[in-house]
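A short write-up of the structure that comes next.
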Amino acid sequence: MGKNIRLNNPRPNEDKSLSKAAAKRRQSKETIDEAWQRIFAMKNSATDERRLLEVKQAMENGIIGRNPADMYNAKGTLKNFSKAEALRLWAELEELERRNRLKELVDNMPDNYRLVTTESEFYDMVESLAKEELIVFDVETTGTDVYNDKIVGHVLSATSVDTHYYVPTGHDVSPVHQLTKGYLDVAEELRPIYEDETIKKIAHNAKFDVQMLKNDLGIELKGLYWDTMEAMRLLNENEPSYALKPLATKYLRDNSYTYGELFGQVGFNEINLETALAYAAKDGDLTYRLYKFQRHHLAKHGKMLDYFLNVEMPLMTIVSDIELRGYDIDTDHAKRYAEELRKKAGKAHDNVIKHLGDINLNSPAQLKGAIEAHIGRTIKDTNAKNTLKPLAKEFPVISDLLEYREITKLLSTYYDALPQLINPKTGRIHTRLHQNGAKTGRFSSGGGGSFNIQNQSGDARKMFVAPEGHYIVNADFAAQEVRIIASLSQEEVLLDAFARGVDAYATLASRFFNKPYEECYKLPNGDDTPERSQMKVVLLSSMYGATKFGLSKTLGISVDEAEEFRQTFFDTYKKIGAFIDKAQAFAKRNGFVWIGDKARKRRLPDARKRPKRIPYGKYWSEEYEDERKHNSAINLAMRQAPHAMVQGLAAIQTKVTMIELDKLVKARGWQWFAPIHDEIVLYTTDDLSAEDIADIDLIMTQSYLLDGVDNATDISIQKRWGEYVSAEDYLKGKEVPEI
DNA sequence: TATTCCTGCCAC
DNA sequence: AAACGTGGCAGGAATA
C-alpha cells in the first residue's frame with residue numbers, strides 16, 4: 001500500500017450478503033481494495049481498464065495518491081474512491097510521467113549536443129558544418145502546415161565529429177537569449193550551407209523540411225542525399241510506423257519518446273531552450289545513426305543501395321515541387337456543373353423515395369431493407385455493379401438509385417470537395433504524393449487534408465485547367481503492365497506481337513480462338529471484339545490471381561466454362577503460367593520476391609507458412625476460423641508474389657522516366673503536374689513543338705528498357721484535363737479545345 | 001463528442 | 001458461406 005494513501009484498513013473477511021443498511025454502512029467505509037474491486041467489476045472499456053490498472057499500480061507503488069480535495073465531502077466525511085476519481089488520477093499520472101520523461105531527457109543529454117544562442121557559437125557551428133561532406137538537418141516548426149506554419153529552430157549535425165546543434169530562432173520563451181532576425185539573420189547565414197550542392201544532406205521525412213525552408217525562408221535546399229524515412233520504406237515496406245522515434249526504439253535500441261509523449265499538445269515554440277536542445281539535437285543524432293544502420297543494410301542486398309541513391313532520392317525533390325506547384329481549378333465550371341448535378345440528384349432522390357419510402361439513400365443498411373421490401377426478395381448487399389445493375393431493368397427505381405449514387409459520388413468526392421481545398425496563399429489545390437505509398441513501390445496520393453490526384457474520374461478531371469499560355473500534356477506508357485508481363489515471362493506470342501507492333505490482346509485471342517487477327521481486334525463500329533475483351537480480362541485478372549469463380553463473374557460465363565477458359569489459356573501460353581509458378585515458388589522459399597533486377601523487395605512472410613488442413617465439409621465451421629484465416633493469408637501472399645513483380649517494375653519504370661523527364665521540364669521551363677501510375681502529366685508552355693513532343697516520346701520509351709520488348713507511349717495535349725487532342729493530330733494542325 | 005470500422009466506389 | 005492486385009475518400013454506423 002502506498003505510503004501517501006490514507007485510507008481505512010481493508011476488511012477482507014466481511015460477509016458479502018448484507019442487508020441494505022449494512023451495505024450502505026459498508027459503502028461509506030469502503031476500503032480502497034473494495035473500491036478497486038467494485039470499479040473493476042464495472043463495465044469498463046479496454047482503454048479505461050488499462051488506465052485504471054496503471055493508476056492502481058502507481059498508487060500501490062506510492063507514485064501517486066488521492067487528492068485531499070477529492071477525499072472529503074462538504075461535511076468533512078470521507079468519500080469513497082470512484083472510477084471518475086481514478087481516471088482523474090490517470091491524467092495526473094500522465095502529466096507526472098511526461099515531466100519525468102522530460103527530466104530524464106535533459107539529465108541524460110549527451111555532451112555533444114550544443115545549444116547555439118550567441119554569435120560566436122553560431123559562427124563556430126557554421127565553420128564546423130562548412131567542413132562537412134555530410135550533414136543532418138531538421139527544422140523545428142510551430143506545426144505541420146507547410147503553407148502557414150513557421151520555423152522556430154534549426155537542427156544541424158556535423159557528422160564527422162558527431163556534434164549536434166540546435167539553433168532556436170522563434171521560441172516564445174522569455175527571458176532568454178536567442179539568435180533572432182535583426183540581431184543575426186540565421187536564415188541568411190545558413191542559406192549558403194543549405195543551398196550548397198556539395199554538402200550532402202540527410203533528413204528524416206526530408207520533403208517536409210525542404211518545403212518549410214522554401215515556403216517560410218525562401219531557401220532552396222540542394223544536395224539532398226538521404227531520407228531515413230524513405231529508406232525505411234525500402235528496407236521494410238511492412239513497417240508499422242515510419243516515424244523517427246519508433247524506428248529508433250526498434251532498430252537503434254534507443255528508447256525514444258514521441259513528441260506527444262514528451263510535450264503533449266504544446267507547440268515547440270513554447271518549449272524552454274534547454275529542453276528543446278535535448279529533444280531537437282537528439283533528432284539529428286538519431287537520424288544520423290539510423291542513416292548508418294540503413295546504409296549498411298541496403299548495401300547488403302542486391303542493387304537496393306544503388307537504386308535508392310539514384311532513383312528514389314533524386315525523385316524526392318521532383319515530388320516536393322509537384323506538391324508545392326498545385327493545380328489551377330476552373331471554379332466557374334465547378335460551380336455551374338455542381339449546381340446542375342445537384343438538380344439531377346434531387347430528382348433522382350425524389351423518384352427513389354416515392355417507391356422505397358423516406359430513407360437515407362446514403363445508408364447501405366437502410367437501403368438494403370427498403371429494396372428487399374420493394375422487390376420482394378433478399379439481396380446480398382447494395383453494391384451497384386454486382387447487385388443493383390442486374391435488377392435495374394426489372395425495377396425502374398433501381399435505375400434512379402444508380403443515377404443518384406453516381407451523381408452524389410461525383411459531388412461529394414470531387415465537385416463539392418475540391419474547390420473547398422483551394423489554398424488562400426497559392427490560389428490552387430495541392431495534393432500530397434507518397435513516392436512509396438504502396439508496398440509495391442507505386443506512388444499513392446492524398447491524406448492530411450489534401451486530395452488524391454490519382455483517382456480523378458473523367459468528369460472530375462474537367463475541373464483541372466492549364467493556366468494562360470500553357471498546356472496540360474499527358475504521356476502514358478502504352479500497355480505498360482502487359483509489356484512487363486511479356487518481358488518477365490518471355491512468352492513468345494506476346495513478345496512477337498509487340499515486336500510486330502500489333503495488338504497484343506487481339507494476337508492472343510487470334511491464337512486462342514483460332515480465328516483471323518482482324519476478327520479478334522475491332523468490330524466495324526470501332527468497339528473491341530468480344531474475343532479481345534475476354535482475352536484482356538483473362539490475361540490481367542489471371543495475373544492478379546483470379547480463380548475460376550472470379551473469372552466466371554467478370555466474364556459472365558459459368559464457373560466450369562471459366563475454368564476451361566483458364567486452363568486452355570495457361571496451356572497455350574505456358575511461359576506466363578511458368579512465370580507465375582516461379583514467382584510463387586520463390587516467395588514460398590524466401591518469403592519475398594525481387595522487383596526490377598534486385599532494385600527492391602516485396603516481403604511476403606505469409607508465403608512461407610504451411611497451409612493448415614481443414615477436414616472436408618468443415619471449411620466454414622466456426623471452429624476452423626483461425627485455420628481459414630491462416631490459409632487465406634497464404635493464398636493472398638501467393639497472389640501478391642507475381643503481381644508485385646509486375647506492378648513494382650512498372651513503378652520503377654515510371655520513376656526512372658520521371659527523373660529523365662525532369663531534365664526536359666527544367667530545360668524548357670515547364671512544370672510538373674503528376675505521375676498517375678502508367679501516365680505522366682506535365683504543364684508545358686503552349687508553344688509546344690514537334691521537337692518537344694519527339695523529346696517526350698524519346699524519354700518515355702528509352703529511359704527504362706525492358707528485356708525483349710520495346711516501350712511505347714501515347715501523348716495527348718489539352719487545356720482542360722481530359723479534353724485532349726492526340727499529339728499526332730496536334731502536329732497535323734488540329735486545335736487544342738479551348739477552356 | 002471524437003474516433004474507428006464498414007460499405008461503396010473512384011483511379012490504374 | 002469467398003473467390004483479383006495497388007491505393008484514398010465520403011458517409012453512415014458502431015464504439016469509446
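We name chains A, B, ... by the order of the sequence lines, and we start the count at 1 in each one. Computed from a prediction, not measured in an experiment: that's the story for all the values here.
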- Between A/Val473, A/Ile453, A/Ile680, which is the residue that forms a side chain to side chain contact (heavy atoms under 4.5 Å, CB included) with A/Phe673? A/Ile453
For [X], answer base if it contacts any base atom (sugar-phosphate contacts may also be present), sugar-phosphate if it contacts only those atoms, and nothing otherwise; contact means non-hydrogen atoms under 4.0 Å.
X        : result
A/Ser541 : base
A/Thr554 : base
A/Lys553 : nothing
A/Leu411 : nothing
A/Glu481 : nothing

- Task: In whole angstrom, give me the gap between the P atoms of C/dA2 and B/dT7.
- Result: 13 Å
Short heteroatom pairs, N/O only, protein and nucleotides 7-12 of chain B, under 3.5 Å:
unit_1	atom_1	unit_2	atom_2	d
B/dG8	OP1	A/Thr382	N	2.9
B/dG8	OP1	A/Thr382	OG1	2.8
B/dC9	OP1	A/Arg405	NH1	2.8
B/dC9	OP2	A/Asn383	ND2	3.4
B/dC9	OP2	A/Ala384	N	3.1
B/dC9	O2	A/Lys409	NZ	3.1
B/dC10	O2	A/Asn455	ND2	2.9
B/dC12	O3'	A/Asp678	N	3.4
B/dC12	O3'	A/Asp678	OD1	2.6
B/dC12	O2	A/Arg442	NH1	2.8
B/dC12	O2	A/Arg442	NH2	2.9

- Query: If only side-chain N and O atoms of A/Ser445 are considered, is one of them under 4.0 Å from the OP1 or OP2 phosphate oxygen of C/dG7?
  - Reply: no
- Between C/dA13 (C1') and A/Asn362 (CG): distance, integer Å: 13 Å
- Task: Ignoring hydrogens and angles, state whether a donor on the side chain of A/Asn436 or A/Glu237 is under 3.5 Å from an acceptor on the partner side chain.
- Result: no
- Using only heavy-atom distances, determine whether the side chains of A/Gln366 and A/Asn360 contain a donor-acceptor pair under 3.5 Å. no
